[in-house]
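Below: one structure, written as structure tokens.
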Amino acid sequence: MGFFSRHSTDELRAEAKQAQVNVDSAARMQAAFGATAPTGEDNALSNYRRTLDQINQELQRRS
């Protein structure tokens, strides 16, 4: 994952922590407004989860 090659492991952990906050927030919004919310939270939740998965994969690769 070339994108992460310039990040230190500590920076990736901090980024993963923030991504998890974003996932949790988007999931709460989706639960509150439903899966077809006009806010775009469906896409946001998917994107945040994908980002978190990518970061976690990179962290596993480095360990």
First locate atom OG1 of T51, then atom CD of Q18, and finally report the distance between them rounded to the nearest 0.5 Å. 11.5 Å

Residues Q57, D53; criterion side chain to side chain donor-acceptor pair (under 3.5 Å); working and verdict: CA-CA 6 Å; Q57 287 173 5; D53 288 345; 5.9 Å; no

May I ask you to test the L12-R62 pair for a side-chain heavy-atom distance under 4.5 Å? yes

Judged by atom type as modelled, is there a donor-acceptor pair below 3.5 Å linking the side chain of S25 to the main-chain atoms of V21? no

CD/Q54 to CG/L59 distance, rounded to the nearest 0.5 angstrom? 12.0 Å

Can a donor-acceptor pair be found, under 3.5 Å and without considering hydrogens, that links the side chain of Q20 to the backbone of K17? no

Do E11 and E15 have side chains that approach each other closer than 4.5 Å (heavy atoms only, starting at C-beta)? no

Check the side chains of Q60 and N56 for a donor-acceptor pair under 3.5 angstrom, ignoring hydrogens and angles. no

Can you name the nearest heavy-atom pair linking A16 to I55, along with the distance? CB-CG2, 3.6 Å

